[in-house]
Undergrad: 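I'd like to ask you about the structure that follows.
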Amino acid sequence: MTATLTTPQVTLIGAGYSVYTRICQIALDIKHVPFMFETLDVFAEDGPAKARQAGHPFGKIPILRHGDLTLYETLAITRYIDDRFDGPPLQPEDPVDRARMNRIISIVDTQLYPILVWGLHVPKSEGREPDPELLDKGRTILSVLESVAHAPWLCGDAPTLADAYLAACMDYILDSEAAEHLPGHAPGLMAWWHRARPLLQSR
């Protein structure tokens, strides 16, 4: 797991607004891996083409470069970061705790991101009314996360990829129609966020 951190250079290509770029940034920060950041706005007219040219066949972000290696897809990037570099582990050793971590990551990927970020935050940011059905689903997601999260971090005593995934979304959740339901439906997550906010503070 040993690597020289300065050569070859680690470069992350993405955008500051991108949840999945942020996840990779947080993972690199927790592992104390120096990296260069190249901004690529995938929503620009030529963004997808630039992303394909940078190494993502589907024209998306993020993309990680490390020497001759080019990686895309956040799951692959974050696991590579954890396996390749020294530093605090991003995944629990205990199989049960690792399963809990993967459960939270899956909830973020399949439920929280499409419903709370795209379904509730984006309409609010554009001045549109949210779908009431999505608001109900958002409350359910927050309640489920509240029930499966541990303390002081989501999977125990140290931050893992689960914390990176959720932290990368939190400012969008707090700027969505679901925000007012957080104190009632997820007070533990709010307490966690006070601890986890520094993970995102430079993002």
Undergrad: Hey, does Leu200 have a side-chain heavy atom less than 4.5 Å from the side chain of Gln25?
TA: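 Counting from C-beta outward, Gln25 and Leu200 never come under 4.5 Å.
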
Undergrad: Any carboxylate oxygen within less than 4.0 angstrom of a Lys/Arg side-chain nitrogen, looking at Asp82 and Arg79?
TA: no

Undergrad: Please answer whether the main-chain N or O of Cys169 pairs with a side-chain N or O of Tyr113 as donor and acceptor at a distance below 3.5 Å.
TA: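 No.
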
Undergrad: Flag yes if more than 12 heavy atoms outside Glu126 fall under 6.0 Å of its CD atom; otherwise flag no.
TA: yes

Undergrad: Check the surroundings of atom NZ in Lys124: do more than 12 heavy atoms from other residues, nucleotides or ligands lie under 6.0 Å from it?
TA: yes

Undergrad: CZ of Arg139 to CD1 of Ile115: how many Å apart, nearest 0.5 Å?
TA: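 So the gap between those two atoms works out to 12.5 Å.
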
Undergrad: Going by heavy atoms in the side chains, are Thr78 and Lys31 under 4.5 Å from each other?
TA: no

Undergrad: State the NZ-CG distance between Lys137 and Asp131, to the nearest 0.5 angstrom.
TA: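 Spacing of NZ (Lys137) from CG (Asp131) equals 8.0 Å.
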
Undergrad: Hey, what's the ring geometry for Phe85 with Tyr80, parallel, tilted or perpendicular (30° and 60° as the breaks)?
TA: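 It falls in the perpendicular class, over 60°.
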
Undergrad: With a 4.5 Å heavy-atom cut-off, do Ile104 and Tyr165 have their side chains touching?
TA: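 Not touching, per the 4.5 Å side-chain cut-off.
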
Undergrad: Would Tyr72 end up clustered with Leu40 when hydrophobic side chains under 4.5 Å apart are linked, directly or stepwise?
TA: no

Undergrad: Is there a continuous path of hydrophobic side-chain contacts, each under 4.5 Å between heavy atoms, that joins Val19 to Phe43?
TA: yes

Undergrad: Is the shortest side-chain heavy-atom distance between Tyr172 and Trp118 below 4.5 Å?
TA: no

Undergrad: Could you give the distance from CD1 (Ile13) to CZ (Phe35), rounded to the nearest 0.5 Å?
TA: 12.5 Å

Undergrad: With a 4.5 Å cut-off on side-chain heavy atoms, are His185 and Glu146 touching?
TA: no

